[in-house]
Amino acid sequence: MKLFRSLFALAAFAAIATATTVIPMSLDQISAASTHVLVGRAGDSWSAWDAEHKIIYTYTKFTVSRALKGEAQSVVIKQLGGSADHFQQKVAGVRYFAPGEEAVVFVHPSQADDGTVVITGLMQGNFHVSNVNGEIMASNGLTGVESLDEQSHVVTRYSGTRLPLRELERRVREGAK
């Protein structure tokens with residue numbers, strides 16, 4: 001019985017360890033915490049180790065079609081995780097870009113002061129843009145992520161925000177004034 005309880009506890013911990021829990025941010029909060037809000041397309045991506053050879057980062061060149069906050073023609077987005085030297089690091093809560101993918105990104109300079117930017121609030125500042133039944137939609141939802149309600153302390157599945165792109169743009173521009 002003791003072995004069964006130990007195995008059950010280990011399995012439960014493994015299930016918890018594969019998820020990321022976030023405190024949800026409103027669109028206004030994500031925008032306020034970002035120096036730039038950019039609409040554009042992902043280009044080339046590559047992964048590399050940090051200087052200490054402990055963390056793998058994925059870098060994506062992002063070409064800006066329009067800036068909703070701040071100014072930029074292109075940026076390099078730095079995200080935790082990736083593959084380098086036959087090693088792979090996965091991070092729940094990080095949505096990597098496919099080449100050519102359109103997105104709206106809420107970003108701020110990396111703490112490493114290396115010229116890259118990072119997405120605000122993990123996936124919360126990374127809105128995938130797609131055509132849904134003729135309407136251009138933006139969504140930051142992602143599987144494998146949980147949401148913590150700060151007042152009730154209840155953890156639920158993170159569903160993210162999904163809204164028409166024109167509505168997202170309007171709300172960011174109004175908040176940036």
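All of these numbers come straight from a predicted model, not from anything done at the bench. What's counted below: heavy atoms across the whole structure, side chains too, no hydrogens, waters or symmetry copies. Residue numbers start at 1 and run along the sequence shown.
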My understanding is that only residues two or more places apart in sequence, or in another chain, count here; which of them pass salt bridge (Lys or Arg N to Asp or Glu O under 4.0 Å) with Glu52?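 Glu52 satisfies salt bridge (Lys or Arg N to Asp or Glu O under 4.0 Å) with no other residue.
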Measure from the side-chain N and O atoms of [X] to the backbone N and O of [Y], and report whether any donor-acceptor pair falls under 3.5 Å.
| X | Y | result |
| --- | --- | --- |
| Ser147 | Pro24 | no |
| Ser65 | Val39 | yes |
| Ser31 | Leu27 | no |
| Thr116 | Val76 | no |
| His36 | Glu71 | yes |
| Ser26 | Gln29 | yes |
| Lys69 | Ser34 | yes |

Taking atom CZ as the centre, does Arg170 end up with more than 12 heavy-atom neighbours from other residues, nucleotides or ligands that are less than 6.0 angstrom away?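 Atom CZ in Arg170 is packed in, count exceeds 12.
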Check whether more than 12 heavy atoms from other residues, nucleotides or ligands sit under 6.0 Å from atom CG of Asn131, and answer yes or no.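 More than 12 heavy atoms, drawn from other residues, nucleotides or ligands, come within 6.0 Å of this atom.
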Using a strict 4.0 Å threshold on nitrogen-to-oxygen distance, state whether Arg166 and Glu135 make a salt bridge.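 Looking at Glu135 together with Arg166, the answer is yes, because their closest N to O distance falls below 4.0 Å.
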Considering only NZ, NE, NH1 and NH2 on the basic side and carboxylate oxygens on the acidic side, decide whether Arg171 and Asp28 come within less than 4.0 Å.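 Salt bridge between Arg171 and Asp28, a charged N being under 4.0 Å from a carboxylate O: no.
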Between Ile119 and Ile77, does the side chain to side chain contact (heavy atoms under 4.5 Å, CB included) criterion hold? Intermediate values first, please. CA-CA 7 Å; Ile119 298 197; Ile77 298 172; 3.9 Å; yes
Kindly compute the distance separating [atom1] ([X]) from [atom2] ([Y]), expressed to the nearest 0.5 Å.
| X | Y | atom1 | atom2 | result |
| --- | --- | --- | --- | --- |
| Leu122 | Thr21 | CG | OG1 | 11.0 Å |
| Ser139 | Leu168 | OG | CG | 10.5 Å |
| Gln79 | Thr60 | CD | OG1 | 5.5 Å |
| Asp44 | Lys61 | CG | NZ | 8.5 Å |

Under 4.5 Å between side-chain heavy atoms, counting indirect links through other Ile/Leu/Val/Met/Phe/Trp/Tyr residues: same cluster for Trp46 and Val91 or not?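 Looking at the clustering, Val91 is in the same group as Trp46.
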I'd like to know if Leu163 and Val172 are part of one continuous hydrophobic network [Ile/Leu/Val/Met/Phe/Trp/Tyr, side-chain heavy atoms within less than 4.5 Å].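 Hydrophobic grouping puts Val172 with Leu163.
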Within-4.5 Å side-chain heavy-atom neighbours: Met137 and Arg162: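 A side-chain contact exists here, since the closest heavy-atom pair is under 4.5 Å.
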Would you call Val75 and Leu38 a side-chain contact if the rule is heavy atoms closer than 4.5 Å?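 A side-chain contact under 4.5 Å exists here.
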[X] and [Y]: which non-hydrogen atoms are nearest, and at how many Å?
| X | Y | value |
| --- | --- | --- |
| Ala67 | Val64 | N-CG1, 4.1 Å |
| Ser110 | Val118 | CB-CG1, 4.0 Å |
| Ala33 | Met25 | CB-CE, 4.2 Å |
| Thr161 | Phe127 | O-CE2, 3.8 Å |
| Gly125 | Ile30 | CA-CG2, 4.0 Å |

For Ser47 and Ser83, test the side chains for any donor-to-acceptor distance below 3.5 angstrom and give the result as yes or no.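 The criterion, which ignores hydrogens and geometry beyond distance, is not satisfied for Ser83 and Ser47.
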Residues 94-109, side-chain donor-acceptor partners within the protein, below 3.5 Å, at least two apart:
| unit_1 | atom_1 | unit_2 | atom_2 | d |
| --- | --- | --- | --- | --- |
| Arg95 | NH1 | Glu101 | OE2 | 2.4 |
| Arg95 | NH2 | Glu101 | OE2 | 3.4 |
| Arg95 | NH2 | Asn126 | OD1 | 2.4 |
| Tyr96 | OH | Leu80 | O | 2.5 |
| Glu101 | OE1 | Ala98 | N | 2.9 |
| Glu101 | OE2 | His128 | ND1 | 2.9 |
| His108 | ND1 | Thr120 | OG1 | 3.0 |

Side chain to side chain donor-acceptor pair (under 3.5 Å) for Asn140 and Tyr158? Distances and angles first, verdict last. CA-CA 10 Å; Asn140 66 350; Tyr158 176 79; 3.2 Å; yes
Taking the hydrophobic residues Ile, Leu, Val, Met, Phe, Trp and Tyr, and joining any pair whose side-chain heavy atoms are under 4.5 Å apart, which ones share a cluster with Ile56?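 Cluster partners of Ile56: Trp49, Phe87.
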Does the ring of Tyr57 carry Lys78 above it, NZ/CZ under 6.0 angstrom from centre and within 45° of its axis?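 Because its charged atom sits under 6.0 Å from the ring centre and within 45° of the axis, Lys78 does stack over Tyr57.
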